[in-house]
Structure formats: structure tokens, C-alpha cells
Amino acid sequence: MPNTHLLYLHGFRSSPRSAKAQLVAAHVAQHHPGVRLWCPQLPPSPRAAMALVAEGIAAWPHSRMAVIGSSLGGYYASWVAQHARCASVMLNPAVDPARDLARYIGEQTAWHDPEERFFFRPEFIDELRQLDVRAQPPAGRQLLVAAQGDELLDWREMVARYPQARQRVLPGGDHALSDFPRLLDEVIAFCDLA
């Protein structure tokens, strides 16, 4: 049975206004109008972010959903997929955000609106550690998209983190996946939308 629900999780300092989130939303609206797409604005606290998501998808049919996550959203997508037992797509995912985001503790600006500020608190690092599902086998199908030219995260860590996933390793590219429009059909096809 094709999936009727799709969750999109943005990355650190990002928002539902990201280019990839907007492309997914436009594609789903045009080609899969019966699919429920949700791309929430995630709070800076990882615990609060996953509580929001868990509450938002509680009534969803988990056997008929998929999740896409970009960067930190990819890390979150792995947690969601583990709990919902659904298919997941990770786009240049953060593999160890507790390590990588420790240097961002303090005031941050939102990527899509530099006037918007938030505080990334020290306790958020422990919250990230508590969401780590690396030790568990995948609970659903996985697609990894990793750009070798990612300037923020190491694609080799991504490949090693998701050995069971279908892996799409892109030569060159960047963290934002600027060539995402070319990958959109493949990502959506993997999500098997109604």
C-alpha cells in the first residue's frame, strides 16, 4: 500500500521555508494531492522537537507514512523512523550532532530570517545524545543521499552510519544539496506516495 502521510524535518537553523522543503511541498501538492505532508518548524530543543513531532504524527497510520530529514533533520528522521517503523530518507544527515553542534552553544540566527534569534543551550547536547539510535538496526527502508562536497559534514561518516540503506553518494555537491531538484523524483519515488 502506498504511503498517505509524509513528514519533512528541516536542519539546524533552518525552517519549513528551506529550498528542499519547498520543493518537496510543491511536488507533493502537484503530484500527490491526497498525501498529508507536514513540515513543522522545529524548536531548538531536540527533546521538544521530537515531542512536537511525536504528538503531530500520533494519529498517523505509521504503516502508511515516510519521513525525509535534512542535516540535523536526518538525525531526527532516523529517530522517527525507528519509533514509527517507517521508511526514511536522510539528506546529508548529521551523524553525531552532539559532537558537531557543541561549538554552536549560545545565541544563533535563523538561516531564512537572520532577524530571528534563538539560544542553543548546553543541555541540548545531552538531549541529542538521548535520541541516538545508531546501535539499533533500521526499523524500515532507508535512503541515504550524501554529497562528497558537503562542506559541513563528512559524507564518509554518513555512508558508514547507514550501511543497510540504499546509498546515493554524489560526487561534489554541497551541504545544502543545491542539485536537489535533480534528485527530487528519486527521493519521492522511494517514499512510495499514494
*Check the pair Ile57 / Met65 against side chain to side chain contact (heavy atoms under 4.5 Å, CB included), numbers first and verdict last.*
CA-CA 9 Å; Ile57 66 170; Met65 72 171 274; 4.0 Å; yes

*Is Phe119 close to Pro44 at the side-chain level, that is, under 4.5 Å between some pair of heavy atoms?*
no

*Can you check whether Ala194's main-chain N or O pairs, donor with acceptor, with Asn3's side chain at less than 3.5 Å?*
no

_hydrophobic_cluster_shared for Val95 and Leu131, side chain cutoff 4.5 Å_ = no

*Please answer whether the main-chain N or O of Ala48 pairs with a side-chain N or O of Ser45 as donor and acceptor at a distance below 3.5 Å.*
yes

*Does a sphere of radius 6.0 Å around CH2 in Trp111 hold more than 12 heavy atoms from other residues, nucleotides or ligands, not counting ones at 6.0 Å or beyond?*
no

_Can you tell me how far apart CG (Leu152) and CG (Asp100) are? Round to the nearest 0.5 Å._
9.5 Å

*List the steps, then state whether side chain to side chain contact (heavy atoms under 4.5 Å, CB included) holds for Val80 with Met50.*
CA-CA 8 Å; Val80 170; Met50 290 305 91; 4.1 Å; yes

*Quick one: do Leu9 and Ile68 satisfy side chain to side chain contact (heavy atoms under 4.5 Å, CB included)? Show the steps, please.*
CA-CA 6 Å; Leu9 301 175; Ile68 300 172; over 6 Å; no

*Check whether any side-chain N or O of Gln108 sits under 3.5 Å from a backbone N or O of Phe120 as a donor-acceptor pair, and report yes or no.*
no

*Where is the tightest heavy-atom contact between Leu52 and Pro43, given as atom of each residue plus distance?*
CD2-CD, 4.0 Å

*Measure the SG-CZ distance between Cys86 and Arg64 for me, rounded to the nearest 0.5 Å.*
13.5 Å

*Does CD belonging to Gln164 count more than 12 external heavy atoms closer than 6.0 Å?*
yes

*Find the distance between NE2 (His10) and OG (Ser70) and round it off to the nearest 0.5 Å.*
10.0 Å

*Indicate, with yes or no, if Leu193 and Met90 share a hydrophobic cluster defined by side-chain heavy-atom contacts under 4.5 Å among Ile, Leu, Val, Met, Phe, Trp and Tyr.*
no

Output a table of donor-acceptor pairs, distance under 3.5 Å, between side-chain atoms of residues 184-192 and any protein atom two or more places apart or on a different chain; print 'none' if there are none.
{"unit_1": "Glu186", "atom_1": "OE1", "unit_2": "Arg168", "atom_2": "NE", "d": "2.7"}
{"unit_1": "Glu186", "atom_1": "OE1", "unit_2": "Arg168", "atom_2": "NH2", "d": "3.3"}
{"unit_1": "Glu186", "atom_1": "OE2", "unit_2": "Arg168", "atom_2": "NE", "d": "3.2"}

_I'd like to know if Arg13 and Glu116 make a salt bridge, using a cut-off of under 4.0 Å between side-chain N and carboxylate O._
no

*Would Leu7 and Val53 satisfy side chain to side chain contact (heavy atoms under 4.5 Å, CB included), going step by step from the backbone distance to the final call?*
CA-CA 9 Å; Leu7 174 66; Val53 168; 3.6 Å; yes

*Please report the shortest heavy-atom distance between Ser15 and Gln41, naming the atom on each side.*
CB-OE1, 3.1 Å

*asked:* Apply side chain to side chain donor-acceptor pair (under 3.5 Å) to residues Gln130 and Arg47 and explain how you reach the verdict.
replied: CA-CA 9 Å; Gln130 291 164 17; Arg47 180 181 293 130; 3.1 Å; yes

*Between Asp96 and Leu128, is any pair of side-chain heavy atoms under 4.5 Å apart?*
no

*To the nearest 0.5 Å, what is the distance between CG (Leu23) and OH (Tyr8)?*
9.0 Å

_For residues Leu101 and Ile105: do they belong to one hydrophobic cluster (side chain heavy atoms under 4.5 Å, members Ile, Leu, Val, Met, Phe, Trp, Tyr)?_
yes

_Asp179 (side chain) donor-acceptor with Arg182 (main chain) under 3.5 angstrom_ = no

_Between Asp132 and Arg129, does any side-chain N to carboxylate O distance fall below 4.0 Å?_
no

*With rounding to the nearest 0.5 Å, note down the distance linking CZ in Phe180 to CG in Asp174.*
13.0 Å

*Do Ser63 and Met1 come within less than 4.5 Å of each other through their side chains, counting heavy atoms only?*
no

*Return the orientation label for the His27 and His32 ring planes: parallel under 30°, perpendicular over 60°, tilted otherwise.*
tilted

*State whether the side chain of Lys20 and the backbone N or O of Ala176 hold a donor-acceptor pair below 3.5 Å, judged by distance alone.*
yes

*Is the backbone of Gly140 close enough, under 3.5 Å, to the side chain of Arg85 for a donor and an acceptor to pair up by distance?*
no

*Using the rule that two of Ile, Leu, Val, Met, Phe, Trp, Tyr join whenever any of their side-chain heavy atoms come within less than 4.5 Å, decide whether Leu143 and Val169 are in one cluster.*
no

*Do Leu91 and Val159 share a hydrophobic cluster, counting only Ile, Leu, Val, Met, Phe, Trp and Tyr and linking them when any side-chain heavy atoms are less than 4.5 Å apart?*
no

*Please report the shortest heavy-atom distance between Met158 and Leu144, naming the atom on each side.*
O-CD2, 3.5 Å

*Partners of His175 by side-chain hydrogen bond (donor to acceptor under 3.5 Å, both in side chains), sequence neighbours excluded?*
Ser71, Asp150

_Closest approach of Ala147 to Trp155 (non-hydrogen atoms, all atoms of both residues)_ = O-CB, 3.5 Å

*asked:* Other residues, nucleotides and ligands only: do more than 12 of their heavy atoms fall within 6.0 Å of CZ on Arg99?
replied: yes

*Can you name the residues that form a salt bridge (Lys or Arg N to Asp or Glu O under 4.0 Å) with Arg36, not counting sequence neighbours?*
none

*asked:* Whether the side chain of Gln148 engages the backbone of Asp154 through a donor-acceptor N/O pair (distance < 3.5 Å, no angle test) should be reported.
replied: no

_Looking at every non-hydrogen atom in both residues, tell me the closest pair between Pro93 and Tyr162 and how far apart they are._
CG-CE1, 3.7 Å

*Can you see which heavy atom on Phe12 is nearest to which on Leu72, and at what distance?*
N-CB, 3.7 Å

